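Have a look at the structure below before the remarks.
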Amino acid sequence: MAYQPTIESLATHPVPAWFHDAKFGIFVHWSVSSIPAFAPPNKQGIGDVDLGNAESVAWMFKHTPYAEWYWNSINIDGSPAQTHHRATYGADYPYENFVPQFMELARGCDVEAWAELFVRAGARYVVFVTKHHDGVTLWPSRHTNPHRKHWHAERDFVGELTRAVRARGMRMGLYYSGGIDWTFHGLPIDSMASFLGSIPQSEQYARYADAHWRELIERYEPAVLWNDIGYPEKADSARLFADYYNRIPDGVINNRFMLGAGEGGQHHDFVTPEYAVLDRILENKWESTRGIGGSFGFNRAESDDYLLTAEEIVHMIADVTSKNGNLLLNVGPTANGLVPWAQASRLLAVGDWLRRNGEAIYGTRPWRKADGRTTDGTAIRFTRSDGYVYAIVLAKPAGNEITIEGLTLAGSTEVRLLGYGAPLRWQARGVNLGLTLPGDMPTGPAFTLRFSQEAVLSAGQ
């Protein structure tokens with residue numbers, strides 16, 4: 001039966017198995033802002049901002065670590081980005097001058113190399129930014145910007161990357177800034193009031209944004225509609241959703257077509273907390289999104305110290321998976337389309353770990369508890385699949401003996417270490433489980449133990 005543009009009909013759309021199974025995706029922020037490529041670094045992104053405090057919010061906009069917000073930042077008096085811009089380019093140098101520079105450098109971009117890196121990283125899907133807040137589109141749209149000439153790519157980066165990603169067996173999703181487009185309205189955003197009022201609500205912009213989303217769906221049939229920062233009220237998102245599901249039944253839609261949409265609000269398949277760490281299993285599907293550093297767009301001001309290590313990324317994948325989420329980890333290429341080695345090397349190391357331990361990640365579901373620990377305090381994350389429970393131990397072992405608190409097994413249980421051939425020796429130690437690890441066990445940022453699900457008799461709550 002066809003979906004109708006009503007909350008009741010859209011709510012019957014199930015989150016498809018592929019999205020539950022995928023667990024790890026790559027976000028790609030590549031835009032004109034990668035020419036100046038500057039923001040004051042902050043490892044936490046905006047995750048430590050108190051959105052209920054006006055001073056904290058004002059400070060966030062003035063000091064945002066997001067390089068892709070550069071155009072907005074240089075319009076805020078006294079901001080680090082404005083100071084940098086005036087010192088580097090001059091006070092009268094407009095953001096518009098970066099657009100032709102970006103288009104020229106982007107001509108050399110090799111999207112096949114991107115896709116190859118992403119599949120080697122172990123990603124199962126990719127989400128590409130087709131238009132960010134500056135309004136520049138990365139596909140040759142039929143619907144050109146009425147306020148800026150030549151703010152669209154002649155080369156079809158969206159189509160090329162879509163084909164490259166799908167050729168390697170990954171799903172392709174598309175990001176579109178539906179709420180903010182600074183070529184129409186909204187500069188500068190420096191407070192919660194100006195942020196909430198930043199979405200252009202004109203009939204012209206509603207038609208423009210709706211035409212773009214429909215063109216993206218028609219041309220590229222994305223597996224994910226990843227909208228950002230709301231949507232114009234006149235654009236009729238419910239009809240867009242129904243038409244999308246009727247064309248792509250196993251597609252998914254994020255929660256950002258409406259500002260502040262969390263578990264409730266406008267229709268969505270999953271929620272998207274940013275730079276967030278959850279302390280519990282969520283019943284409904286969610287996706288944690290963040291940069292490898294504190295910025296999504298490429299930021300020259302970020303040293304290696306501001307980037308997640310491969311170990312931290314692996315731990316994050318395990319943590320998010322154990323709590324019913326996916327991790328959408330962002331890559332920020334340079335203006336000429338190169339993924340910096342500091343980012344690429346981390347992705348390759350993550351892919352190496354997933355090749356050995358992916359059984360405990362891909363296709364799994366949350367177990368009855370997400371967290372555990374060993375008696376020496378090492379953190380553990382649990383997942384499950386048909387027939388098995390997995391314990392992902394988030395540290396290299398100090399020796400060849402570990403004890404897991406509150407885990408009891410049936411007497412004939414076989415315990416396996418992923419990536420190692422022989423079963424492990426184990427013994428009950430009261431209400432705990434003692435295990436002997438091999439001396440030549442695989443190295444890495446975490447290791448995974450596998451138990452038969454029916455053999456796990458007790459897990460301390």
Side-chain angles (χ1 to χ4, degrees), residues 23-24 276-282 288 308-325 327 349-350 352-362 364-461:
K23 306 305 180 189
F24 182 40
V277 177
L278 302 188
D279 60 1
R280 66 194 188 284
I281 298 171
L282 287 190
S288 176
L308 293 172
T309 64
E311 180 177 20
E312 287 172 323
I313 296 170
V314 165
H315 291 180
M316 195 169 292
I317 291 172
D319 181 68
V320 168
T321 298
S322 73
K323 295 167 183 173
N324 200 32
L327 175 63
V350 170
D352 180 69
W353 185 86
L354 283 168
R355 275 188 287 278
R356 289 195 303 271
N357 296 272
E359 179 185 334
I361 301 294
Y362 305 124
T364 62
R365 299 293 183 269
W367 194 39
R368 56 179 177 259
K369 58 181 294 187
D371 305 298
R373 66 178 186 178
T374 65
T375 52
D376 65 2
T378 300
I380 295 173
R381 297 294 180 268
F382 293 104
T383 63
R384 67 172 176 85
S385 65
D386 291 342
Y388 295 110
V389 171
Y390 301 93
I392 306 169
V393 184
L394 303 184
K396 300 174 183 178
N400 67 341
E401 295 280 338
I402 65 165
T403 301
I404 300 177
E405 291 185 353
L407 196 65
T408 305
L409 304 180
S412 59
T413 302
E414 183 177 271
V415 180
R416 291 274 181 175
L417 172 68
L418 296 189
Y420 185 78
L424 302 184
R425 288 185 296 157
W426 65 270
Q427 59 179 319
R429 295 175 179 167
V431 296
N432 300 330
L433 175 67
L435 293 146
T436 302
L437 301 173
D440 58 346
M441 69 177 294
T443 59
F447 62 94
T448 305
L449 302 166
R450 186 184 73 188
F451 315 98
S452 297
Q453 187 168 330
E454 63 274 10
V456 181
L457 302 179
S458 173
Q461 298 299 315

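The figures that follow rest on heavy atoms only: side chains count, while hydrogens, waters and symmetry mates do not. Small disclaimer: the values here were computed from a predicted structure and weren't measured.
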With a 4.5 Å limit on heavy-atom distance, are the side chains of [X] and [Y] in contact?
X	Y	result
Ile404	Leu449	yes
Tyr390	Thr321	no
Leu407	Trp426	no
Tyr420	Asp440	yes
Pro423	Arg416	yes
Leu424	Leu437	yes
Arg356	Leu418	no
Phe24	Ile361	no

Say you draw a straight line from [atom1] of [X] to [atom2] of [Y]; how long is it, rounded to the nearest 0.5 Å?
X	Y	atom1	atom2	answer
Trp367	Ile281	CH2	CD1	10.0 Å
Asp319	Asp279	CG	CG	10.0 Å
Thr448	Ile380	OG1	CD1	10.5 Å
Lys23	Thr383	NZ	OG1	8.5 Å
Leu409	Leu435	CG	CG	7.5 Å
Thr309	Met316	OG1	CE	9.0 Å

Looking at [X], I'd like to know if its [atom1] atom is crowded, meaning that more than 12 non-hydrogen atoms belonging to other residues, nucleotides or ligands lie closer than 6.0 Å.
X	atom1	result
Arg365	CZ	yes
Asp386	CG	no
Arg373	CZ	no

Task: Asn432 and Thr403 side chains, donor-acceptor separation under 3.5 Å - done: no

TODO: Could you pull out all residues at least two apart from Arg384 that satisfy salt bridge (Lys or Arg N to Asp or Glu O under 4.0 Å)?
DONE: none

TODO: Output all residues satisfying salt bridge (Lys or Arg N to Asp or Glu O under 4.0 Å) with Glu401, sequence neighbours left out; order by chain, then residue number.
DONE: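 Applying salt bridge (Lys or Arg N to Asp or Glu O under 4.0 Å) to Glu401 gives Arg429.
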
Open item on the list: Checking Asp371 against Lys323 for the side chain to side chain contact (heavy atoms under 4.5 Å, CB included) test, could you report, in this order, the C-alpha distance in whole Å, the side-chain angles of both residues, the deciding distance, and whether it holds?
Closed with: CA-CA 9 Å; Asp371 305 298; Lys323 295 167 183 173; 3.9 Å; yes

